[in-house]
Amino acid sequence: MSALSDLQATLDPSRRSWVESANHSTNDFSIQNLPFGIFSDARNSARRAGVAIGDEIVDLDALQAAGLLSVAQERVFAHDTLNDFIALGRDAWRSVRIQLSDLLARDTATLRDDAALRSAVLVRQADAQLHLPLQIPGYSDFYSSKEHATNVGSMFRDPKNALLPNWLEMPIAYNGRASSVVVSGTPVRRPNGQLKLPDQERPVFGACRKLDIELETGFVIGSGNALGEPIACEDAEAHIFGMVLLNDWSARDIQQWEYVPLGPFNAKTFATTISPWIVTLDALEPFRVAQPVQDPQPLAYLRHEGRHAFDISLEVKLRPQSASEASTITRTNFRHMYWTMAQQLAHHTVSGCNTRVGDLVGSGTISGPTADSFGSLLELTWNGKNPLALKEGGTRSFIEDGDELTLAGWCQGDGYRVGFGPCVGEIQPALK
Ligand code: CA
């Protein structure tokens, strides 16, 4: 069989695993998914690369040591980030995917029937700790949901001219802060900053009073471009290793005072949370759909043929510290995004800006067309005017101390799921 038909076989919806938990139609980590992450466990505290399958993790370093995984570089998985593996290139990612899919398939006896081998290479997710999977050289964040940009423009400027004239011509973005990207589960401290209260002439300094989420996805650069050499829109997806869920925590009051003229700074730099597993574009392939129609037609460097959106269901839950159950505060879908990841990357590099392996690129807040599908509390409560009712009583205009916010995302196949795992953060009180 050719490499391409082997890759196609990893997407076969009827393929099932001998890891039975992977076969449940709502488990994020089916044999069709095989996302990459970095983990450690009580048995071995060294951080190393793994692939999620059902409720388990395949230890890739152990698998390579056992001679069951062929990769061009020795011990490439025995690192505390995935960068060196990603740098091997797309053929290597695909080769590992194909080998794993085969080893984990129900009919393959190699691991299935060897208890000693299984115990050497499988770690229960419940017994593992997940870590930030990347060394992230740079982080940029786009603003590519038309619904989100329209809502924010209506609130902060003018409902009649909610979209600025450049918005339909280019994917708008700013350079974010890579140093404060944290993995799911890391507590997030409420930031202090300058707040401009409407009844006072000068700003005060204090804790953010309008702390918010932004429901986003991010993509990870798998092969970069040299300085001065843009990536063409048609080639852009080949440069992407995979996707994560991303919560771009935002301090709305700090943001509103500081953002003119150069954009957000302290309002966004205090933390960005990502989900620990990177879902490859190969795994997302069956969920490719058409992007929204773009009118006006973009300039030539932003054009691509075919379908470049992905059908990824998204939701956010909020659980107050005192509550036993979380409330779902929004449900939407990544497919609504106006600008595609390929267009974002083409635009990012068209000036000659280089990108590097591990760079993280945020989609921008993903808001759907209806009032219950918005991707931020700012929009869901319309800047606090319409507080949300929570399941166990109480309301929220913005996030309170002790609240736990969880993003979830998944592609639902026929009897299987390609999911991201949760992207969680709990808010701690501001420093006094
Ligand atoms: Ca954002």
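These numbers come from a predicted model, not from an experiment. In each ligand, atom 1 is the first atom listed, and ligand 1 is the first ligand listed.
The N, O or S atom of Glu214 with the smallest distance to the Ca ion (ligand 1) is OE1. Nearest N, O or S atom of Glu216 to the Ca ion (ligand 1): atom OE2.
The aromatic rings of Phe85 and Phe241 sit perpendicular, their planes meeting at an angle over 60°, well past the 30° parallel limit. Relative ring orientation between His347 and Phe142 is described as perpendicular, the plane-to-plane angle rising above 60° on a 0-90° scale split at 30° and 60°.
Angle OD2 (Asp141) to the Ca ion (ligand 1) to OD2 (Asp248): 80°, rounded to 10°.
Proximity of the aromatic rings of Phe374 and His148 is defined here by a centroid distance below 6.0 angstrom, and this criterion is not met.
For the side chain to side chain contact (heavy atoms under 4.5 Å, CB included) test with Val76, the passing option among Leu82, Val96, Val71 is Val71; the others fail.
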